[in-house]
Every structure is written in C-alpha cells, then in structure tokens.
There are 2 protein chains.
Amino acid sequence: MKNNVKVQRAIHNLTQQDLAGRIGVSRQTINALEAGKYVPSTVLALKLAKLFEKDVTEIFELEPTD
Amino acid sequence: MKNNVKVQRAIHNLTQQDLAGRIGVSRQTINALEAGKYVPSTVLALKLAKLFEKDVTEIFELEPTD
DNA sequence: ACAAAATGTAAAGTTTATTTGTCATATTGG
DNA sequence: CCAATATGACAAATAAACTTTACATTTTGT
C-alpha cells in the first residue's frame with residue numbers, strides 16, 4: 001500500500017494536526033500513515049478521499065506485495 | 001461502514017470460499033465482512049473493488065456514525 | 001430424500017491499527 | 001534571533017482486524 005496523503009495535505013494546506021482533527025484520528029496516525037508505516041482502515045481511507053475530493057485509488061495504491 | 005459485498009459476490013457468482021481465496025483472506029473474514037461485523041483494511045477494500053471492477057465507494061459507504 | 005456444498009456463527013489466538021505520552025529536531029513568523 | 005508551531009519518531013497500551021478451528025443450519029443438485 002502506497003499513499004500520497006502528504007501531497008494531498010500539502011495541496012489543501014493542512015497541518016497533520018488539522019487533518020487528524022478533521023477526520024477524527026490522532027496526529028501520530030497521520031504522521032505514521034504518511035510515513036507508510038501501516039495500512040489504514042477503510043473508514044479512514046474513505047474519509048480522506050472524501051475530504052480531498054479524490055477517488056480512493058488516487059490516494060491509495062495497491063502494491064504487488066499486497 | 002456499510003458494504004454490499006454480498007451483492008457483488010452474487011453478481012459475480014462466487015462462493016465466500018472462492019472470494020476469500022481470490023483476495024487472500026479466510027472465508028470467515030468474508031462472512032463477517034458481509035455480516036457487517038467489522039471494517040476491513042484498505043488493502044482488502046481495494047482488492048475487492050478491483051476484483052469487482054467497481055469504485056471503492058460503490059462497495060463501501062460511510063455512515064454518519066463513522 | 002439424501003449427500004454435498006455453502007453459509008452463519010462463535011471462541012481463542014495472533015497480528016496490526018490506533019492512541020496517548022513524550023521528546024528531539026526542523027520550520028516558520030515576527 | 002527567539003518563540004511558537006510543525007514534523008519525525010519511538011514505546012507502551014488498547015482496540016480492532018484477521019486466522020484457525022470447529023460445529024450447526026441452510027441451500028443446492030441429483
């Protein structure tokens with residue numbers, strides 16, 4: 001799983017804190033997510049996609065190892 | 001999180017076992033997923049969407065409580 | 001009706017997501 | 001330059017996803 005949350009967040013000019021608050025997770029979750037440290041839940045993915053007005057697949061991409 | 005995996009599976013005429021095998025999870029995971037017992041990971045959601053050739057949002061829908 | 005296949009469900013265990021707390025470093029604005 | 005804000009990172013704890021095993025019920029095909 002790759003994601004480009006960091007880029008989307010930059011586009012929308014939000015801090016990790018802001019973003020975390022808007023979708024109801026902790027800042028560390030956003031930080032670790034951007035660092036590719038884990039795969040988020042579908043709820044989280046859908047909320048991010050909705051907030052960024054993007055398709056889920058435009059933010060999250062399956063990798064061969066998934 | 002609502003989902004219509006059961007419907008998609010019916011459309012594609014797959015058993016829970018088949019589907020589980022194709023996306024690499026256990027049958028019980030599919031069963032529980034269809035029963036709405038938990039929120040799947042984004043990897044699982046993306047794999048299902050890919051297999052069913054649907055948008056993730058056509059299979060999974062956020063609910064007000066999410 | 002019978003047997004096989006499919007589904008529902010549940011408990012126990014393992015792995016992974018997410019939180020909370022904390023600290024160090026970097027970046028930004030006055 | 002200084003102070004505030006933002007980011008990176010880590011560890012311990014909790015919650016939730018997912019597996020395995022197992023069994024009961026339902027559905028399907030002959």
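Below, read A as the first sequence line, B as the second, and so on, with proteins coming before strands; counting in each chain starts at 1. If you're wondering where the values come from, they're calculated on a predicted model, not measured in any experiment.
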Student: Report the residues that fulfil side chain to side chain donor-acceptor pair (under 3.5 Å) with A:N31, sequence neighbours left out, ordered by chain and then residue number.
Tutor: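 Listed in chain order: A:Q16.
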Student: Give a yes or no on whether the backbone of B:V39 and the side-chain of A:T42 come within a donor-acceptor separation of less than 3.5 Å.
Tutor: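 The answer is no, because no donor-acceptor pair under 3.5 Å joins these two groups.
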Student: Could you tell me whether the side chain of B:N3 reaches within less than 4.5 Å of the side chain of B:L48, counting heavy atoms only?
Tutor: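 Contact flag for B:L48/B:N3 side chains = no.
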Student: Roughly how many Å is it from CG in B:L33 to P in C:dT9, rounded to a whole number?
Tutor: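 Rounding to the nearest Å, CG of B:L33 and P of C:dT9 are 14 Å apart.
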Student: Between B:L19 (CG) and C:dT7 (C1'), how many Å, whole number?
Tutor: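 Going from B:L19 (CG) to C:dT7 (C1'), I get 14 Å.
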Student: Report yes if some heavy atom in the side chain of B:L46 is under 4.5 Å from a heavy atom in the side chain of A:M1; otherwise report no.
Tutor: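 Yes. Closest side-chain heavy atoms under 4.5 Å.
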Student: Looking at residues 5-18 of chain B, who's got a heavy atom less than 4.0 Å off DNA chain C?
Tutor: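 Residues of residues 5-18 of chain B under 4.0 Å from DNA chain C: B:K6, B:R9, B:T15, B:Q16.
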Student: When every nucleotide of nucleotides 15-22 of chain D is labelled 5' to 3' by its protein contacts under 4.0 Å (heavy atoms), B for base, S for sugar-phosphate only, - for none, what sequence of letters results?
Tutor: --SSBBBB
Student: Give a yes or no on whether A:E63 atom CD has more than 12 heavy-atom contacts from other residues, nucleotides or ligands under 6.0 Å away.
Tutor: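 Yes, enclosed.
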Student: Do B:Y38 and B:T29 have side chains that approach each other closer than 4.5 Å (heavy atoms only, starting at C-beta)?
Tutor: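 When only atoms from C-beta onward are counted, B:T29 and B:Y38 do touch, with a gap below 4.5 Å.
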Student: Any donor and acceptor pair, going by atom type alone, linking the side chain of A:S41 with main-chain N or O of B:S41 inside 3.5 Å?
Tutor: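 Not confirmed, A:S41 side chain does not pair with B:S41 backbone.
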Student: Over how many whole Å does the gap from B:N31 atom CG to C:dA10 atom P extend?
Tutor: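 That distance rounds to 10 Å.
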Student: Just wondering, do B:F52 and B:V7 contact through their side chains at under 4.5 Å, heavy atoms?
Tutor: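 Of all side-chain heavy-atom pairs linking B:F52 with B:V7, none is under 4.5 Å.
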